[in-house]
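Excluded from the calculations below are hydrogen atoms, water molecules and symmetry mates; all remaining heavy atoms, backbone and side chain alike, are included.
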Amino acid sequence: MPCLSIAMSSALPRPVASTPLVALPSSTDALQRIRHTCAHILAMAVQRLFPEARVTIGPWTDTGFFYDFDCPTPFVAEDLKRIATEMRRIIRADLPIIQETVERESLKAELERLNEPYKLEILDRIPPGEPVTRYFIGSPDVGRTQHPEAEPSLIEPLPIAPQESWWDLCAGPHLSRTGEIHPKAFALESVAGAYWRGDETQAQLQRISGTAWETPEQLQAYLTQQEEARRRDHRKLGKALKLFSIEEAAGGGLVFWHPKGARIRRVIEDYWRQAHTDAGYELLFTPHMANLELWKTSGHFDFYREGMFEAIAVEEQAYQLKPMNCPFHVLTYQHDLHSYREFPLRWAELGTVYRYERSGTLHGLMRVRGFTQDDAHVFCLPDQVTAEILGVLNLTERILSDFGFHDYEVNLSTRPEPSVGSDEIWDLATQALMNALQIKGWQYQTDEGGGAFYGPKIDLKIRDAIGRLWQCSTIQVDFNLPERFQMQYVAADGSRQRPIMIHRAIFGSLERFFGILIENYAGLFPLWLAPVQVKLLPVGESQHDYSSQVVQQLKQLGFRAELDVSAIAWVK
RNA sequence: GCCGGUGUAGCUCAGUGGUAGAGCACUCGAUUCGUAAUCGAGCGGUCGUGCGUUCAAAUCGCAUCACCGGCUCCA
């Protein structure tokens, strides 16, 4: 298709972000202090307005801060406005913030008096011998002001008295006065549920989140960036551009690709197949379900059962909708006896898998229950691992850069506890991953103990047009499946040996990657991906027939062309 | 799954107990008008679903489904 190569020429203009984005400072010490202090001011404001609220934790985050409260009355959107107003009063009062190292027992008594059970729990967990500090907003001389219990709705913000004081058990650091925060450089963003200690069996708390910056300009830039992210939301664009839908009648997390979205998917898939054939892969197709025994053998049933759908009864046998493709590739491998001479075997499949995701976690194309992995497995010898991983890195780079992603963050995850396999083989695999990264010349961070139980891995996060990171590609060395399935090959000396298996995906999930593409390009796809590449607009009925002919010719040349007759209404 | 919110026309939304609305889109007609939004008419909804309260329910109650913001989870 000659026209396709024209369409893919890099000389063609690429869509750029329509809104120039202001560079925001990353998390500096000054910002951390601002945000941490904001969290305290938030908690003070909440307890002034809702004396029945109990405080828990309130850290800084990448863009701001949050504080979790245990409060019997649910906070609503209007409350956030009142709380923010109250926070500004505390800021404008320019109260001093004073650190104090305290004696454990007296603090404990005081927390008991204040009825702050969560803080007591935190205090109890501070290792003995470690100093315990608290931070006052206002003067420490008066202790913490207690506000009378009252109906929250009846409480008017009280004037901040000069002797007003509030404190929180906290390691810091903080600013030295509330007035160091610009009253127009923070904003409360949302209230949402959260669990005490992030554990769903523990008390359900209410989390108030906010954002805070050094200057109002930075806040504005951040809010503009948020606005830009909302504008690019793939759920919104997907609907507007008629790319895909999720049908309530069918169920959550199941994606319907409409004609225009399906055109893009086909371009992506065709490209992917070609790239993989070029890189020495064979393509497989495997079923969507299989006997549950297979998943017991693979270990998925034991380790990841909660992510699998319930089994389906088939004539007294239990069948399982596949949550992963790997066991199928292993079965394909085992159908024949393999020689070391065949290695490396590279088998790829666009395999659709189904995983049970809890209803509250579904999110457009980003988190679904049925999705297509661009999965592949490489079976090879120990001394081929480095070269194979390097090959995967090269292919990954080629593919991602063709989709406009040139900036990655790379993570190497090493052996966790517990895990399977000998130290020797872990060292070999980890070293192979590191060698490949070194030859490739990629900077990476090491996540000690972050690997899968069956082997170490490399993860790639791509940076999109507005600076967000998305984890897509993953390369994993696996010792578990070859062992569990007792995979073999015939070595040069005629003995039977265990092959090494590498799992890898470049897009990860085709659905999710499509969502990322929509957001990255803000719906303005480059020509080679665009669902409509050429649109003809005849201005009069007399040109209609000729225009149709031209559209037909363009289509025959491989262009995605359309006739737009809406202009014809003008001239009859 | 949990907490809070939302669900009304293809889209964006108004309508809090008394005969379902607007703008855009779409269809038809008029208008030859130079960068999205000319004028008129028309089409279009069992108000997410079910049960209940009531003389009367989009509106109140219960249940349920989906979506949104988070939590949790993510092989």
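- Within the cation-pi definition used here (under 6.0 Å to the ring centroid, within 45° of the axis), A:Arg463 does not qualify as a partner of A:Trp470.
- Across all strands shown, B:G70 is found opposite B:C2 as a Watson-Crick or G-U wobble partner, with both distances under 3.5 Å.
- Under the salt bridge (charged side-chain N to carboxylate O under 4.0 Å, His left out) criterion, A:Asp302 pairs with no residue at all, not counting sequence neighbours.
- B:A14 sits 40 Å from B:C74 when the C1' atoms are compared, rounded to a whole Å.
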Dump the intermediate steps for ring pair (Phe, Tyr, Trp, His ring centres under 6.0 Å) on A:Phe479 and A:Trp426, then the final yes or no. CA-CA 9 Å; A:Phe479 319 125; A:Trp426 270 90; 5.5 Å; yes
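- Rounded to a whole angstrom, the distance from the P atom of B:G70 to that of B:A9 is 26 Å.
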Check: residues 247-258 of chain A side-chain donor-acceptor pairs under 3.5 Å, at least two apart:
from: A:Glu247; atom 1: OE2; to: A:Ser245; atom 2: OG; distance (Å): 2.7
from: A:His258; atom 1: NE2; to: A:Ser245; atom 2: OG; distance (Å): 2.7

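- Using modelled atom types, no side-chain atom of A:Arg54 and backbone atom of A:Asp70 make a donor-acceptor pair closer than 3.5 Å.
- Under the Watson-Crick and G-U wobble criteria, each requiring two contacts below 3.5 Å, nucleotide B:C33 is left unpaired.
- Between the C1' atoms of B:G42 and B:C47, the separation comes to 23 Å (whole Å).
- Taking atom C1' in both B:U6 and B:A58, the straight-line distance is 14 Å, to the nearest Å.
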Under 3.5 Å, which donor-acceptor pairs link side chains of residues 327-334 of chain A to any protein atom two or more places apart or in another chain?
from: A:His329; atom 1: ND1; to: A:His377; atom 2: ND1; distance (Å): 2.8
from: A:His329; atom 1: NE2; to: A:Glu349; atom 2: OE1; distance (Å): 2.8
from: A:Thr332; atom 1: OG1; to: A:Phe328; atom 2: O; distance (Å): 2.7
from: A:Tyr333; atom 1: OH; to: A:Gln488; atom 2: O; distance (Å): 2.7
from: A:Gln334; atom 1: NE2; to: A:Phe485; atom 2: O; distance (Å): 2.5

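- Nucleotide B:U27 has B:A41 as its partner under the Watson-Crick or G-U criteria, with both atom distances under 3.5 Å.
- In this structure a side-chain-to-backbone donor-acceptor pair under 3.5 Å is present from A:Arg232 to A:Glu519.
- Taking atom CE of A:Met366 as the reference point, atom C1' of B:C67 lies 16 Å away to the nearest angstrom.
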Quick test: give all pairs of protein nitrogen or oxygen and nucleotides 7-14 of chain B nitrogen or oxygen below 3.5 Å, distance rounded to 0.1 Å.
none

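- Comparing the C1' positions of B:G17 and B:U54 gives a spacing of 9 Å, expressed to the nearest Å.
- How far OG1 of A:Thr372 is from CZ of A:Phe507: 12.0 Å, rounded to the nearest 0.5 Å.
- In this entry B:U64 has B:G48 as its Watson-Crick or G-U wobble partner, both defining distances falling under 3.5 Å.
- Rounded to a whole angstrom, the distance from the C1' atom of B:C13 to that of B:A25 is 15 Å.
- Of all nucleotides present, only B:U12 satisfies the Watson-Crick or G-U wobble test against B:A22, with each distance under 3.5 Å.
- In a base pair of the Watson-Crick type (N1 to N3 plus N6-O4 or O6-N4) or a G-U wobble (N1-O2 and O6-N3), with each distance short of 3.5 Å, B:U54 is matched with no nucleotide.
- Straight-line distance from the CZ atom of A:Phe309 to the P atom of B:G1: 12 Å, rounded to whole Å.
- In terms of modelled atom types and a separation under 3.5 Å, the side chain of A:Lys322 and the main chain of A:Pro287 share a donor-acceptor contact.
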In 5'-to-3' order, the base (B), backbone-only (S) or no-contact (-) status of each nucleotide in nucleotides 69-75 of chain B, using a 4.0 angstrom heavy-atom cut-off, is BBBBBBB
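- Rounded to whole Å, the separation between the P atoms of B:U8 and B:G48 comes to 6 Å.
- Under the Watson-Crick and G-U wobble criteria, each requiring two contacts below 3.5 Å, nucleotide B:G17 is left unpaired.
- When the P atom is used for both B:U59 and B:A20, the distance is 13 Å, rounded to whole Å.
- Residue pairs meeting the salt bridge (charged side-chain N to carboxylate O under 4.0 Å, His left out) criterion with at least one partner in residues 354-363 of chain A, sequence neighbours excluded, are A:Glu200-A:Arg358, A:Glu357-A:Arg367.
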